[in-house]
Amino acid sequence: MFGSGEKSSERISKDIEQKQKKVGKTAQKIIDLVISDPTISAEAMAYKIGISQRAVEKQIANLREMEILTRKGAKLGGYWYINTKP
């Protein structure tokens with residue numbers, strides 16, 4: 001922006017920092033479960049972690065929004081994919 005006094009590189013680094021969010025403990029557990037079994041269901045994740053299925057679904061939605069986790073294939077018979085590109 002013209003006249004803002006902020007360098008463009010500073011703006012870009014701030015934008016990147018805002019997009020990068022830390023992954024919480026529960027989300028990390030979900031990622032670990034997906035690594036061990038990409039075909040795992042949200043219900044199985046909930047049982048193994050010890051939280052409700054709805055809580056797992058919310059964490060999955062956050063991971064999808066952050067573009068960390070993606071679902072490939074059909075709803076039944078598909079698998080989870082972890083995006084390795086930043």
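Nothing here was measured: the structure is a model prediction, and the numbers come from that model. Note: hydrogens, waters and symmetry copies are ignored here, and every other heavy atom, side chains too, is used. Residue numbers run from 1 in the order of the sequence given.
- Sorted by first and then second residue, the pairs that involve residues 69-82 and meet side-chain hydrogen bond (donor to acceptor under 3.5 Å, both in side chains), not counting sequence neighbours, are T70-N83.
- In this structure, L76 stands alone, with no Ile, Leu, Val, Met, Phe, Trp or Tyr side-chain heavy atom under 4.5 Å from its own, directly or through other members.
- Among residues two or more places apart in sequence or in another chain, the salt bridge (charged side-chain N to carboxylate O under 4.0 Å, His left out) test is passed with E57 by R54.
- A single hydrophobic cluster is not seen to contain both Y47 and V34; linkage of ILVMFWY side chains at heavy-atom distances under 4.5 Å, directly or through other members, places them apart.
- Between V56 and I51, the closest side-chain pair of non-hydrogen atoms falls below 4.5 Å.
- Taken to the nearest 0.5 Å, the CD1 atom of I30 stands 9.0 Å off from the CG atom of N62.
- The two atoms that bring I60 and A42 nearest to each other are CD1-CB, 4.4 Å, heavy atoms only.
- S36 and L33 get closest at one heavy-atom pair: OG-O, 2.9 Å.
- Taking CD1 of I82 as the reference point, atom CD1 of I31 lies at 6.0 Å (rounded to 0.5 Å).
- With sequence neighbours excluded, no residue forms a side chain to side chain donor-acceptor pair (under 3.5 Å) with S41.
- K25 contributes atom NZ, which lies 13.5 Å from atom CD1 of I49 (distance to the nearest 0.5 angstrom).
- Among residues at least two apart or in separate chains, there is no salt bridge (Lys or Arg N to Asp or Glu O under 4.0 Å) pair with a member in residues 27-52.
- The minimum heavy-atom distance between V23 and A27, with the atom names listed, is CG1-CB, 3.2 Å.
- Other residues, nucleotides and ligands contribute only 12 or fewer heavy atoms inside 6.0 Å of the CD atom of E67.
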